[in-house]
Amino acid sequence: IAMGDTSEGCAAVKHLSQARATLPGRLKSELNLYAGYCAGAAQNPGAAGLAAELAREDGLDAPFALEILDGIATQSKPKLSIPARVTALEYRMINLLGPSDPSQIFDKAEPALLTAVALDANAPSAARVAAAEAAARGFAIPPAKLAEIYAATDTANAANDRTSTPARRAALFKVVSGNGRADQRFQAAQALLDDARRAGLGWPVAQAMAPTLKQLASDPEAARYGELIVETALAAGQFADARRMAETAPALNPWLGLIDIADARAAGQRDRALQALEDIAVRGRLKPEALHRLATVLDQEEEAEPMDLV
């Protein structure tokens, strides 16, 4: 059911219902919720209402799920108060009530739900990409899977969208990974990374773009986007590629310190790298944006010794 396979899931619910008397108390009560969902999916509101009544009689503490079941039973769409955590079953129940805004749900969804929807190729495109971003933000799916879902997202109405939405980020990713001119692809990559940072997705999106930007690194346009290439390569653990690009221009040299810190093979150079970065930061030679990224990378690498930047 969590993966969207109602037929197989409800067959399993029916099988368990036949052995209901042998089930533990909590599972027996929760089975009523699954039975209610299956009744709703089969367009049997009366059975859904009965399942809600049985769950209440068993003393099941699941007010949100029961509220949804009541809506299914009365064939109405109640104004739901989304709780702090939404389960996969509750999400599938909500869909039986009609179209919903996935952004209101996925911010509070349990990791299992986010992963299930993100991996469901039959899920609506908007719901799938929203779930994938939320899952990537919580490290529930790898960046490569996020890239795959971006590539499969319907972005027909997002090409000229200037707002920060999952569909727009997917559209930008398609430009980055497409066959357009290198300058257009680099511009899209920079816009995508900037937008991803604001959405709390900077790290996974940088990793998702790294393979493509590695291929573009030999293009003449790459010189204008050296920092972008270094940052994405560093995020993806491509330390040799990041170091190679960072050595091409003096403005990129501060990144060498970050690369030495992140690269386990350069462990002996970390103290020297930290000192060099501290000197640069204290002298004000790092822009606020670069200083923020420095702090972010150090946090990701869990450096124990804080820099004296004040």
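Keep in mind that what you see is a predicted model, and the values were worked out from it rather than measured.
Looking at heavy atoms from C-beta onward, Leu66 lies in side-chain contact with Leu33 at the 4.5 angstrom threshold. A heavy-atom distance below 4.5 Å is found between the side chains of Leu256 and Glu247. At a threshold of 4.5 Å between non-hydrogen side-chain atoms, the residues Ile1 and Val13 count as touching.
With rounding to the nearest 0.5 Å, the separation of CG in Leu16 from CD in Glu30 is 12.0 Å. Atom CZ in Phe106 sits 12.0 Å away from atom CZ in Arg137 (nearest 0.5 Å). One finds the CG atom of Asn253 at 8.5 Å from the OG1 atom of Thr248 (value rounded to the nearest 0.5 Å). With values rounded to the nearest 0.5 angstrom, Thr212 atom OG1 is found 11.5 Å from Lys214 atom NZ.
Salt bridge present: Glu221 and Arg224 bring a charged side-chain N and a carboxylate O closer than 4.0 Å. Using a 4.0 Å cut-off between a side-chain N of Lys or Arg and a carboxylate O of Asp or Glu, Asp219 and Arg185 do not qualify as a salt bridge.
Looking at residues two or more places apart in sequence or on another chain, you find no ring pair (Phe, Tyr, Trp, His ring centres under 6.0 Å) involving Tyr37. For Phe186, the ring pair (Phe, Tyr, Trp, His ring centres under 6.0 Å) test picks out Tyr225, with sequence neighbours left out. Every residue two or more places apart in sequence or in another chain that forms a side-chain hydrogen bond (donor to acceptor under 3.5 Å, both in side chains) with Asp194 is listed here: Gln190, Arg197.
The other residues sharing a hydrophobic cluster with Leu119 are Met3, where clustering joins ILVMFWY side chains under 4.5 Å apart.
Between the side chain of Gln207 and the main chain of Ala235, a donor-acceptor pair closer than 3.5 Å is present.
For the disulfide bond (SG atoms under 2.5 Å apart) condition, the pairs that include at least one residue of residues 25-133, sequence neighbours left out, are Cys10-Cys38. Among pairs with a residue in residues 50-154, none fulfils disulfide bond (SG atoms under 2.5 Å apart), at least two apart in sequence or across chains.
Atom CD of Gln18 has more than 12 neighbouring heavy atoms from other residues, nucleotides or ligands inside a 6.0 Å radius. For Gln184, the CD atom sits in a packed shell: over 12 heavy atoms of surrounding residues, nucleotides or ligands are nearer than 6.0 Å. Crowding of Lys77 atom NZ: a count of heavy atoms from other residues, nucleotides or ligands under 6.0 Å exceeding 12.
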Test salt bridge (Lys or Arg N to Asp or Glu O under 4.0 Å) applied to Lys28 and Asp58, step by step: CA-CA 8 Å; Lys28 187 185 301 183; Asp58 285 342; over 6 Å; no
Show the numbers, then the answer: is there a side chain to side chain contact (heavy atoms under 4.5 Å, CB included) between Glu57 and Asn32? CA-CA 10 Å; Glu57 288 177 4; Asn32 290 316; over 6 Å; no
